[in-house]
K.L.:
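Have a look at this one before I ask anything.
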Amino acid sequence: MDKFVINGGKPLSGTVMIGGAKNASLALMPATILANGIYHLHNTPDLRDILTMGRLLETMGVGVSLVDQTLTIDTKTMNSYEAPYEHVKQMRASIYVLGPLVARFGQAKVSLPGGCAWGPRPVNLHIEGIRKLGAEIELDAGYIIAKAKRLSGTRILFDVSSVGATGNVMMAAVLAKGTTLIENAAQEPEMVQLSEFLVKMGAKIHGIGTGRLEIEGVDELHPADVTTISDRIEAGTFLIAGAMAGKKGGMIRLEKCNQHHMGALIVKLEDIGAKIRTGADWIELTPPEKIYAVNATTAIYPGFPTDMQAQWIALMSLAQGTSIVKDTVYFDRFTHVPELIRLGANITLKENVATVIGVKKLTGAKVMSTDLRASASLILAGLVAEGTTEVLRVYHIDRGYESVEKKLQALGADILREKGEEF
Ligand code: EPZ
């Protein structure tokens, strides 16, 4: 397993290009199941998770090829409705195929996703939503077995706002007979893009971008092309890299990003003392002289993203003062905390609340990646820690950041990818 070896303390400055949004691509790809034909998904990032979703679609007979950020998908040869455990266990977003398979083919056999590094991640809302649309669903030997002659529109309320369940149920409802109302739908930009893509394919969806979606079912859809939105979490991670390790008086410039999807983080970065300028598709950050301690509480969009929580804790570990970081979306998403403490951070955890007492410096050490965003926080800390930090098991980071070490090297970081010990 590869590792990153980072010699901290190098000041970062320069320009970084932001890639397409992983969490948009992971919803757009299964949406192609809904209609036969050829699709071009532009600005698709070359990530491990995209490869995993591509492989899953290929096991169903779908043609998938990614060339120069354009993902070409051909669903004319689809011949299976099963998402086997071997694939689903690698990535829980695989469950996104459930809704489209039932809607298009009236059947699906999808492995239940396992948990992930930070704990159980239920899919009850996905299952209940598709069952409410009229599917017969049973769980058998770790698989979700779903059948439906034709789904029929109904009213659905999500007690908890869920990105995945919103996407799955929306992709099921677009081909249902009649109208579906989804109350408390997720409003993340990735779900807005999925809705817009489905409309481009011929679906009838009203209320896009609000918490209330009205979907008039149609009899069939057709292929369409789309350009994936920019990855707001990759962009946010690089902004925090600039705030932590940016050259004093220097600047980090992000291009091909969308500041309108990053409002909460931008406010917080200005609160800690960074200077931010924004344009149509760029953001410039001037690092703060010193980092003020600023609390953060994650929330569903447009609140502060849970996917930025680990990176924020890394930043606060060097702040002047004490900050409170609370995750209200995932209560146990703190596997990065013990690793950051190994680097010298002063953090105490009580349930889903981390209290971070800023320290003067971090000191390099060997640390272990456990999940995607935790890995990002360890790399950020390594960039500023005195001495050498080794971040092990970087396959986690490759799931969601394309060539992260190359992008950081281009900003001046001393980071190398090395073959790690097999264990
Ligand atoms: C999506 O996961 C993202 N993944 C996650 O990003 C992100 O952290 C999460 O949304 C929240 O923003 C993708 O889009 C592929 P949820 P998802 O359903 O859809 C509970 C990353 O780092 N819930 O919105 O799985 C759940 O436990 C990844 O890129 C149920 O209770 O998240 C959580 O508390 C990590 N039952 C809350 O809802 C369900 O059936 C929000 O989860 C589904 C979810």
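Counting starts at 1 for both ligands and their atoms, following the listed order. Please read these numbers as outputs of a predicted model, since none were measured by experiment.
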K.L.:
Write down the atom of Ala293, the atom of Thr322, and the distance for their closest heavy-atom approach.
P.N.:
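Distance-wise, the nearest heavy atoms are CB-O, 3.5 Å.
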K.L.:
Ignoring hydrogens and geometry beyond distance, is a side-chain donor-acceptor pair present between Thr306 and Thr298 at under 3.5 Å?
P.N.:
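No, because no side-chain N or O of Thr306 sits under 3.5 Å from a partner of the opposite role on Thr298.
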K.L.:
Arg333 near ligand 1, heavy-atom distance under 4.0 Å?
P.N.:
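For ligand 1, residue contact (heavy atoms, under 4.0 Å) with Arg333 is present.
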K.L.:
Taking 4.0 Å as the limit for heavy-atom contacts, which would you say applies to Val163 with ligand 1: side chain only, backbone only, both, or neither?
P.N.:
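Within the 4.0 Å criterion, Val163 contacts ligand 1 through backbone and side-chain atoms alike.
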K.L.:
Should you measure from each heavy atom of Lys22, which atoms of ligand 1 turn up under 4.0 Å away?
P.N.:
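So the atoms of ligand 1 that pass are 21 (C), 29 (O).
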K.L.:
Indicate whether any N or O donor in one side chain lies under 3.5 Å from an N or O acceptor in the other, for Asp327 and Gln309.
P.N.:
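Their side chains do contain a donor-acceptor pair, which is all the 3.5 Å distance test asks for.
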K.L.:
For ligand 1, note which part of Val160 has a heavy atom under 4.0 Å away: side chain, backbone, both or neither.
P.N.:
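The answer is the side chain.
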K.L.:
Can you check whether Leu175's main-chain N or O pairs, donor with acceptor, with Arg150's side chain at less than 3.5 Å?
P.N.:
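Yes; at least one donor-acceptor contact below 3.5 Å.
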K.L.:
Are more than 12 heavy atoms from other residues, nucleotides or ligands located less than 6.0 Å from atom CZ of Arg417?
P.N.:
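Count over threshold, so yes.
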K.L.:
Output all residues satisfying ring-ring contact (aromatic ring centres under 6.0 Å, His included) with Tyr81, sequence neighbours left out; order by chain, then residue number.
P.N.:
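For Tyr81 the ring-ring contact (aromatic ring centres under 6.0 Å, His included) partners, ignoring immediate neighbours, are Phe105.
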K.L.:
Taking only non-hydrogen atoms of Ala165, do any sit less than 4.0 angstrom from ligand 1?
P.N.:
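For ligand 1, residue contact (heavy atoms, under 4.0 Å) with Ala165 is absent.
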K.L.:
Tell me whether Arg131 contacts the main-chain N or O of Ile137 through its side chain, where contact means a donor paired with an acceptor under 3.5 Å.
P.N.:
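A pair under 3.5 Å: yes.
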K.L.:
Counting heavy atoms only, which of Asp231, Asp307, Leu372, Thr298 comes nearest to atom 7 (C) of ligand 1?
P.N.:
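Ranked by closest heavy atom to atom 7 (C) of ligand 1, first place is Asp307.
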K.L.:
Got an N/O contact under 3.5 Å between Tyr96 and ligand 1?
P.N.:
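The answer is no, given that Tyr96 and ligand 1 share no N or O pair closer than 3.5 Å.
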K.L.:
So is Arg92 in contact with ligand 1, going by heavy-atom distances below 4.0 Å?
P.N.:
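So Arg92 counts as touching ligand 1.
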K.L.:
Within a distance under 4.0 Å of any heavy atom of Val329, pick out the atoms of ligand 1 and give their elements.
P.N.:
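In order of numbering, the contacting atoms are 33 (C), 34 (O), 41 (C).
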K.L.:
Given that the side chain starts at C-beta and the backbone is N, CA, C, O, which of these parts of Leu125 lies under 4.0 Å from ligand 1, counting heavy atoms, or is it both or neither?
P.N.:
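Both backbone and side chain.
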K.L.:
How about CD on Glu58, more than 12 heavy atoms from neighbouring residues, nucleotides or ligands closer than 6.0 Å, or not?
P.N.:
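Yes - once you tally the heavy atoms of other residues, nucleotides and ligands closer than 6.0 Å, there are more than 12.
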K.L.:
Which ligand 1 atoms does Ser161 reach within 4.0 Å, using its non-hydrogen atoms?
P.N.:
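That gives atoms 41 (C) of ligand 1.
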K.L.:
Would you mind listing which atoms of ligand 1 come within a distance below 4.0 Å of any non-hydrogen atom of Gly164?
P.N.:
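Answer for ligand 1: 18 (O), 19 (O).
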K.L.:
By number and element, which atoms of ligand 1 are closer than 4.0 Å to a non-hydrogen atom of Asn23?
P.N.:
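Once the distances to Asn23 are compared, the set is 3 (C), 4 (N), 6 (O), 13 (C), 14 (O), 15 (C), 21 (C), 29 (O).
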K.L.:
Specify the closest pair of heavy atoms between Thr297 and Phe304, including all atoms of both residues, with the distance to one decimal.
P.N.:
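For Thr297 and Phe304, the tightest heavy-atom pair comes out as O-CB, 3.6 Å.
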K.L.:
Does Gly167 come within less than 4.0 Å of ligand 1, judged by its heavy atoms?
P.N.:
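No; Gly167 lies far enough from ligand 1 that no heavy-atom distance drops under 4.0 Å.
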K.L.:
Only heavy atoms of His126, strictly under 4.0 Å: list the atoms of ligand 1 that pass.
P.N.:
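Selected atoms, number and element: 40 (O).
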K.L.:
Phe4: what forms a ring-ring contact (aromatic ring centres under 6.0 Å, His included) with it, not counting sequence neighbours?
P.N.:
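Expected list: none.
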K.L.:
Is it the side chain, the backbone, both or neither of Tyr330 that has a heavy atom closer than 4.0 Å to ligand 1?
P.N.:
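Side chain only.
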K.L.:
Please name the pair of heavy atoms, one in Thr228 and one in Ala24, separated by the smallest distance, quoted to 0.1 Å.
P.N.:
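Nearest pair, atom of Thr228 first, then Ala24: CG2-CB, 3.8 Å.
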K.L.:
Short list, please: which atoms of ligand 1 are under 4.0 Å from a heavy atom of Val123?
P.N.:
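With Val123 as reference, the close atoms of ligand 1 come out as 39 (C), 40 (O).
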